[in-house]
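Ligands are counted one by one from 1 in listed order, and the atoms in each one are counted from 1 as well. FYI, the numbering just counts along the sequence from 1. From a predicted model like this one, the values you see are computed outputs, not experimental measurements.
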Amino acid sequence: MHVTHLSLADFRSYARAEVELGPGVSSFVGPNGQGKTNLVEAVGYLATLGSHRVSADAPLVRAGAERAVVRAAVVEGDRRQLVELELNPGRANRARINRSSQVRPRDVLGIVRTVLFAPEDLALVKGDPGDRRRFLDELVTARVPRLAGVRSDYERVLRQRNTLLKSAAMARRHGGRGVDLTTLDVWDQHLARAGAELWGQRLGLLAALGPLADKAYEELAPSGGPVGLEYRAAAVEEPVDAAGREELYGVLLAALGEARKREIERGVTLVGPHRDELVLRLGELPAKGYASHGESWSLALALRLAAYELLRQEGPEPVLVLDDVFAELDARRRERLAGLVSGGEQVLVTAAVPEDVPAVLAGARFAVSGGRVERE
Ligand SMILES: Nc1ncnc2c1ncn2[C@@H]1O[C@H](COP(=O)(O)OP(=O)(O)OP(=O)(O)O)[C@@H](O)[C@H]1O
Ligand SMILES: [Mg+2]
C-alpha cells in the first residue's frame with residue numbers, strides 16, 4: 001500500500017500541511033527542527049495510533065490548538081481509502097474512514113501499514129524491557145489488528161486487578177479483613193485469558209521474525225551475529241515455545257496462583273505479558289550492556305527491516321519510513337541499506353542534508369523549512 005496524500009491540521013509544528021506523495025521513494029530534506037520528523041510521525045500515527053517519540057497525544061497537538069487532525073488518502077491495489085484521525089488530548093480521539101460514519105480509532109488499524117525506523121530505536125537494544133514489549137505489541141497488532149482489542153482488555157484487567165491488590169495490601173497493613181479471594185480468582189481468569197492470547201501472539205511473531213532479523217543483521221553488519229531473540233516470561237523459569245493458547249492460559253493461571261501471596265504483599269501484579277522481557281543477543285552475549293554503539297544501531301535496524309520483510313510477506317506492503325538514519329551509518333552500511341529498501345512500494349526518508357541520502361534513495365525530493373513542505 002502507499003499514501004497518495006497526507007493532510008495535517010494543527011499537528012505538531014504544522015498549522016496546516018498538504019503533501020502529495022507518490023509510490024517509490026520520497027525524501028524530506030531540511031535543517032534541524034523544521035518539521036521533517038513531524039511529518040513521518042503523523043504517517044506512523046495512522047498505522048499504530050501512537051507516536052514513536054512520545055507516549056501521550058498532548059505533544060502532538062500544535063501548541064495553543066485544541067485538537068489535531070491527521071488525514072491520509074491510501075491506495076492498496078486498486079482500492080482507495082481515506083482515513084482520518086482527530087486527536088483530542090484528555091478526551092476520546094475520533095476516527096473516520098472514507099468521510100462516512102464515525103468509527104472507533106482502532107477500526108482504522110490495518111489501513112495504513114508502516115515500519116518506521118528512527119534514532120529513538122536505539123532504545124530497542126539499550127532501553128528498558130518496556131521498549132521491546134512495545135515493539136512486539138505494535139508488530140503483533142500490525143499482523144493481526146484485532147489484537148488491539150486484546151491489548152486494551154489486558155491493560156484494563158491489569159489496572160483493575162492492581163487496584164484490588166493495592167487495597168488488599170493496604171488492608172493487610174492496617175489489620176483489616178484483606179481481599180475477597182473469589183473476586184481475585186475471577187480477575188486472574190480474565191488476566192490469564194487476554195494474557196495468554198498476547199503471549200501466544202508474541203511467541204508466534206518471534207518465531208517468524210528471528211530468521212529474518214538474523215539475515216538482515218548479516219547483510220548490514222560484518223560481525224557480531226548471529227542474532228538471537230529469546231522471550232523470557234515472568235510466569236515461567238524455562239522458555240515455553242509455540243505452545244497453544246489453552247496451555248499458555250493454564251501456565252499463566254498457575255503462575256498467578258503461585259504469585260498470589262507475594263502479590264497481595266506488594267499490591268501489584270507480578271506475572272503476565274506486562275512483565276515479560278525480550279532478550280536480544282549478538283553471538284553468545286546479550287546485546288544490552290555488551291554490544292558496541294554501531295552494533296546496537298545495526299541490530300535495531302535489523303529488527304525493523306525484519307519487521308518490514310515480515311509484513312511484506314504476509315499482507316499489503318507497508319510504507320517504510322527511515323527517519324534520519326543515514327547520518328548514523330558508515331558508507332558501506334548506507335549503500336547496503338539503500339540497496340535493501342530501494343525496491344519498496346513506498347519509502348519515506350528524512351535527512352538534514354541531501355548528501356546523507358544515498359543517490360538511489362533520493363526519489364522525489366521535498367524541501368522542509370519554516371513549516372512549509374515543497375516539492376523540489
Ligand atoms: N506540539 C507542538 N506545537 C508546536 N511546535 C512543535 C510541537 N511539537 C514539536 N514542535 C516543534 O517542531 C520542531 C521539531 O520538528 P521535527 O522533530 O519534525 O524536526 P526535524 O525537521 O525532524 O529536525 P531534526 O533534523 O533535528 O530531526 C521543533 O522546533 C519543535 O519545537
Ligand atoms: Mg527529525
Side-chain angles (χ1 to χ4, degrees), residues 3 5-21 25-72 84-91 93-94 112 114-124 126-127 131 293 297 300-301 304 319-329 334 337-338 341 346-358 361-376:
V3 175
H5 190 94
L6 178 68
S7 166
L8 307 180
D10 291 327
F11 184 86
R12 289 282 197 185
S13 52
Y14 292 98
R16 288 209 70 98
E18 302 292 335
V19 186
E20 293 293 335
L21 294 165
V25 182
S26 298
S27 57
F28 299 89
V29 179
N32 296 137
Q34 300 299 305
K36 305 180 296 294
T37 301
N38 294 346
L39 276 181
V40 293
E41 184 179 38
V43 178
Y45 194 96
L46 289 168
T48 61
L49 305 181
S51 155
H52 69 287
R53 295 196 284 191
V54 287
S55 54
D57 284 347
L60 305 179
V61 176
R62 194 166 68 93
E66 240 175 70
R67 66 181 70 86
V69 177
V70 182
R71 194 181 298 129
E84 181 181 310
L85 286 173
E86 183 185 287
L87 283 61
N88 299 302
R91 287 178 298 129
N93 289 346
R94 305 211 292 191
V112 175
T114 62
V115 170
L116 190 154
F117 182 67
E120 286 76 8
D121 282 328
L122 208 50
L124 284 179
K126 300 193 178 208
D131 293 310
H293 181 74
W297 188 263
L301 179 54
R304 290 296 182 196
V319 177
L320 181 65
V321 179
L322 300 172
D323 181 28
D324 230 357
V325 303
F326 290 101
E328 279 276 347
L329 299 173
R334 276 187 198 191
L337 175 59
V341 305
Q346 187 168 52
V347 183
L348 308 179
V349 176
T350 77
V353 288
E355 302 78 71
D356 281 347
V357 185
L361 287 186
R365 177 162 290 163
F366 294 83
V368 182
S369 174
R372 300 177 66 83
V373 185
E374 275 165 5
R375 179 74 194 267
E376 287 191 334

Do side-chain atoms of Tyr14 reach the backbone of Leu39 as a donor and acceptor pair under 3.5 angstrom? no
Is Arg94 atom CZ crowded by more than 12 heavy atoms from other residues, nucleotides or ligands, each under 6.0 Å away? no
Atom pair CG/CG of Asp356 and Leu329 - distance to nearest 0.5 Å: 10.0 Å
Would Asp323 and Lys36 count as a salt bridge (Lys or Arg N to Asp or Glu O under 4.0 Å) if you check the C-alpha gap in whole Å, the side-chain angles of each, and the deciding distance to 0.1 Å? CA-CA 8 Å; Asp323 181 28; Lys36 305 180 296 294; over 6 Å; no
Given that the side chain starts at C-beta and the backbone is N, CA, C, O, which of these parts of Asp323 lies under 4.0 Å from ligand 1, counting heavy atoms, or is it both or neither? neither
Residue, atom name and distance, where the atom is the protein heavy atom closest to atom 11 (C) of ligand 1: Ser13 CB, 3.9 Å
Got more than 12 heavy atoms from elsewhere within 6.0 Å of CD, Glu66? no
In Å and rounded to the nearest 0.5 Å, what is the CZ to OG1 distance from Phe326 to Thr350? 9.5 Å
Options Arg53, Arg62, Gln34, ranked by nearest heavy atom to atom 17 (O) of ligand 1, top entry: Arg53
Output yes when a protein non-hydrogen atom is found under 4.0 Å of atom 31 (O) of ligand 1, and no otherwise. no
Taking 4.0 angstrom as the limit and counting only heavy atoms of Pro59, give me the atoms of ligand 1 inside it, by number and element. 1 (N), 2 (C), 8 (N)
Closer than 4.0 Å to some heavy atom of Asp324 - which atoms of ligand 1 meet that? 27 (O)
Polar side-chain atom of Glu20 near backbone of His5 as donor-acceptor pair, under 3.5 Å: no
Just to check, does Ala352 reach to within less than 4.0 Å of ligand 1 when the distance is taken from its heavy atoms? no
Verify atom 4 (C) of ligand 1: protein non-hydrogen atom under 4.0 angstrom away: yes
Ala63 N/O under 3.5 Å from ligand 1 N/O: yes
Between atom CG of Asp131 and atom CG of Leu124, what is the distance when rounded to the nearest 0.5 Å? 7.0 Å
Phe11 vs Leu85, test: side-chain contact (heavy atoms from CB on, under 4.5 Å). Steps then yes/no. CA-CA 11 Å; Phe11 184 86; Leu85 286 173; over 6 Å; no
Residue Val61 vicinity, atoms of ligand 1 by number, heavy atom under 4.0 Å: 1 (N), 2 (C)
Taking atom 26 (O) of ligand 1 as the reference point, the nearest protein heavy atom with its distance: Asn32 ND2, 3.2 Å
Quick check: does Thr37 have an N/O/S atom under 2.8 Å of the Mg ion (ligand 2)? yes
Please confirm whether Gly30 approaches ligand 1 to less than 4.0 Å, judged on its heavy atoms. no
Within the 4.0 Å heavy-atom shell around Thr37, which atoms of ligand 1 are there? 17 (O), 18 (O), 20 (P), 22 (O), 27 (O)
Gly33, any N or O under 3.5 Å of ligand 1 N or O: yes
CG on Asn38 to CZ on Arg53, rounded to 0.5 Å: 5.0 Å
Shortest protein contact, atom 16 (P) of ligand 1 (heavy atom only): Asn38 OD1, 3.5 Å
